[in-house]
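For the numbers below, each heavy atom of this structure counts, side chains included, while hydrogens, waters and symmetry mates do not.
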Amino acid sequence: MEKKWVLAGLHEFPGVGWKTLQQIVAYDEDWEHAIEFSAADWRKRGLGPGLSLRLSERFTWDWIEAQMEQYDDKGIQVITRLDLEYPILMKETAQPPWVLYALGDTRLLNGLSVAMVGTRTPTAYGRKVGAALAGELCALGITIVSGMARGIDGVCHEAALQAGGTTIAVLGTAIDVAYPPEHVSMYRRIAEQGLVISEYPIGTPGHPGMFPQRNRIIAGISYGTVVVEADARSGSLITADETLDANRDLFAVPGPITSPKSGGTLSLLKQGAKIVTEAKDIWEEYQALLPVAEESKKEAVTGNKLTDEERRIYHMLEQGITSFDDLLVQTGWDFGLLHSVLLSLIMKKTAVQLPGSVYQLI
């Protein structure tokens, strides 16, 4: 448990960004004792003299506890890469966040989700199509992921809420800041009915570069991304690129060839994105996972079939046959815990062990 809070604390510390954390963690396994490091210890890990001195003087348990209290006070969950709740799909990407801050149902992070993005100034056509697709996908048990921005993002979130489905908003601001301001009510409703997440700590000053950066999370936690309506220079095309970089499915909705708002989506279709004219076009890619998604919902309600640990391994084995060693690396667990979880899944007739210490779902 202490290791998690050291990681969370480092993520909060001024001057420690993603790359700096990567240097610290990659240097050796001693980083979990970081509160004991001298300035020289920090310098060994590639940090500059100023930051090293500040860490050696200020990075203490008292400082970490003070930082974490502000999240407790606001009911915000702190999820690090060491936690079971951390999205498995996100770990497979090139730059997964070290920490995610969350308001709502964190179980959605490892459920079946599809991202829906598009222009901030949609046409009536784009609004109608986005709302219809989002509502239909929710009815099929698929969670809608988007960025809570103006335009298509907001349309899709709203349609998911209206349909009684689940939706995840990935913020380009600090976790406690609803942006744009007119989406404050939406922010609260998503936190109640779905999940709001951000990689940015409380107090992070906003700047435009944070929004493109969050697009990798929208793509990273989703099985695929649907670009509903976008012009040739739309920011949603950044999410499309992130989707391809993460080896996920890319879908696009065709629009009128005379509409500038369709330039980006038509270009994606020419480049090989799958055409979407109805929810079935997306559903057929994931229909094999839908019973699993429904079962996961039942488990969440009854709480008596799979434990959190068992569910995590279950989702890993959904990706295909996996060796014990690979599961050990992916989870970061010790040998005994992983062995007991696998044994429990086998006894519940959910998984089976094959020759060579490899496992698959039944």
Side-chain angles (χ1 to χ4, degrees), residues 1-74 76-83 85-87 90-102 170-177 179 197-217 220 238 241-242 245-246 329-334:
M1 183 61 72
E2 289 184 354
K3 193 172 185 179
K4 164 185 175 161
W5 298 119
V6 169
L7 182 57
L10 286 170
H11 187 263
E12 295 272 324
F13 200 88
V16 177
W18 192 93
K19 291 182 179 178
T20 302
L21 250 174
Q22 177 70 14
Q23 287 176 224
I24 294 169
V25 172
Y27 183 82
D28 59 22
E29 294 184 0
D30 248 4
W31 65 267
E32 63 181 291
H33 304 295
I35 59 169
E36 304 166 7
F37 285 178
S38 66
D41 292 325
W42 289 114
R43 290 296 303 275
K44 288 178 185 176
R45 287 155 177 82
L47 278 63
L51 179 57
S52 295
L53 182 60
R54 291 196 302 275
L55 280 163
S56 66
E57 293 175 345
R58 292 174 49 200
F59 192 65
T60 64
W61 278 124
D62 287 342
W63 185 88
I64 294 173
E65 288 173 1
Q67 293 299 115
M68 294 305 116
E69 279 178 10
Q70 61 187 331
Y71 296 102
D72 287 339
D73 292 343
K74 294 177 180 286
I76 297 168
Q77 299 178 67
V78 179
I79 303 170
T80 74
R81 278 204 228 167
L82 304 176
D83 294 317
E85 298 93 338
Y86 192 93
M90 194 73 229
K91 283 188 176 182
E92 299 172 357
T93 63
Q95 193 177 340
W98 290 101
V99 175
L100 288 171
Y101 304 95
V170 184
L171 305 184
T173 56
I175 183 62
D176 61 333
V177 177
Y179 184 87
I197 62 171
S198 174
E199 69 175 320
Y200 301 117
I202 290 174
T204 303
H207 62 82
M210 292 163 67
F211 292 93
Q213 185 74 2
R214 65 87 189 271
N215 290 349
R216 81 189 197 284
I217 303 177
I238 298 174
D241 289 339
E242 295 285 359
D245 288 344
V329 170
Q330 291 179 52
T331 58
W333 296 347
D334 59 41

key: Heavy-atom closest contact (L7 atom, V99 atom, distance)   = O-CG2, 4.4 Å
request  = Please list, chain by chain and in numerical order, all residues satisfying salt bridge (Lys or Arg N to Asp or Glu O under 4.0 Å) with E32, sequence neighbours excluded.
outcome  = none
message = Determine whether a donor-acceptor pair (N or O, by modelled atom type, separation under 3.5 Å) exists between the side chain of K91 and the backbone of P96.
response = no
key: Flag side-chain contact, heavy atom, 4.5 Å: T204 against M210   = yes
query = Which heavy atom of L51 sits nearest a heavy atom of P14, and at what distance?
reply = CD1-O, 3.7 Å
message = Does any part of the side chain of I202, heavy atoms only, come nearer than 4.5 Å to the side chain of I76, both counted from C-beta?
response = yes
request  = Looking only at non-hydrogen atoms, find the nearest pair between A39 and S56 and report the distance.
outcome  = N-CB, 3.4 Å
key: Gap between atom CD of E2 and atom CH2 of W61 - 0.5 Å precision   = 4.5 Å
query = Should the pair F13 and F59 be assigned to parallel (<30°), tilted (30 to 60°) or perpendicular (>60°) ring geometry?
reply = perpendicular
message = Between W98 and L10, is there a side-chain heavy-atom distance shorter than 4.5 Å?
response = no
request  = Just jot down the salt bridge (Lys or Arg N to Asp or Glu O under 4.0 Å) partners of D62, sequence neighbours excluded, or say none.
outcome  = none
ask   = By ring pair (Phe, Tyr, Trp, His ring centres under 6.0 Å), which residues pair with Y86, not counting sequence neighbours?
value = none
request  = Kindly give the heavy-atom pair with the smallest separation between K44 and Y27, and that separation in Å.
outcome  = O-CE1, 3.2 Å
query = Is the backbone of S38 close enough, under 3.5 Å, to the side chain of D41 for a donor and an acceptor to pair up by distance?
reply = yes
message = With a sphere of 6.0 Å drawn around NZ of K74, does it hold more than 12 non-hydrogen atoms of other residues, nucleotides or ligands?
response = no
key: Heavy-atom closest contact (A174 atom, P201 atom, distance)   = CB-O, 3.2 Å
Exercise: identify the closest heavy-atom pair between R214 and G172 = NH1-N, 3.3 Å
ask   = Does the pair Y200 and Q213 meet the rule for a side-chain hydrogen bond (donor to acceptor under 3.5 Å, both in side chains), with working shown?
value = CA-CA 11 Å; Y200 301 117; Q213 185 74 2; 5.5 Å; no
key: Validation row: R45, D28 side chains within 4.5 angstrom (heavy atoms)   = yes
message = With ring-ring contact (aromatic ring centres under 6.0 Å, His included) as the rule and sequence neighbours excluded, what pairs involving residues 31-55 come up?
response = F37-W42
query = Tell me, do W5 and V78 make a side-chain contact under 4.5 Å, heavy atoms counted?
reply = yes
request  = Sequence neighbours left out, what passes side chain to side chain donor-acceptor pair (under 3.5 Å) with E199? Give chain and number order.
outcome  = R216
remark   = d(I175 CD1, Q77 CD) to nearest 0.5 Å is 10.0 Å
inquiry  = Between P87 and L100, is there a side-chain heavy-atom distance shorter than 4.5 Å?
reply    = yes
Between CH2 on residue W333 and CG on residue L82, distance to nearest 0.5 Å = 13.0 Å
note = Between the OG1 atom in T173 and the NE2 atom in H207, the distance rounded to the nearest 0.5 Å is 11.5 Å
inquiry  = Using a 3.5 Å distance criterion without hydrogens, assess whether the side chain of Q67 forms a donor-acceptor pair with backbone atoms of I64.
reply    = no
request  = Could you tell me the separation between the CD atom of E65 and the CD atom of E69, rounded to the nearest 0.5 Å?
outcome  = 7.0 Å
Check: R54 side chain, G15 main-chain N or O, donor-acceptor pair, under 3.5 Å = no
Note, I35 side chain near T60 side chain (heavy atom, < 4.5 Å) = no
query = In this structure, which one of L171, I217, D176 forms a side-chain contact (heavy atoms from CB on, under 4.5 Å) with S198?
reply = L171
query = Do Q22 and Q95 come within less than 4.5 Å of each other through their side chains, counting heavy atoms only?
reply = no
task = Name all residues meeting the salt bridge (Lys or Arg N to Asp or Glu O under 4.0 Å) criterion together with D83; count only those two or more places apart in sequence or in a different chain, and write none if there are none.
result = K4
message = Within this structure, what is the CZ-NE2 distance for the pair R81 and H11, rounded to the nearest 0.5 Å?
response = 9.5 Å
Audit row: L47, I24, side-chain contact (heavy atoms from CB on, under 4.5 Å) steps and yes/no = CA-CA 9 Å; L47 278 63; I24 294 169; 4.0 Å; yes
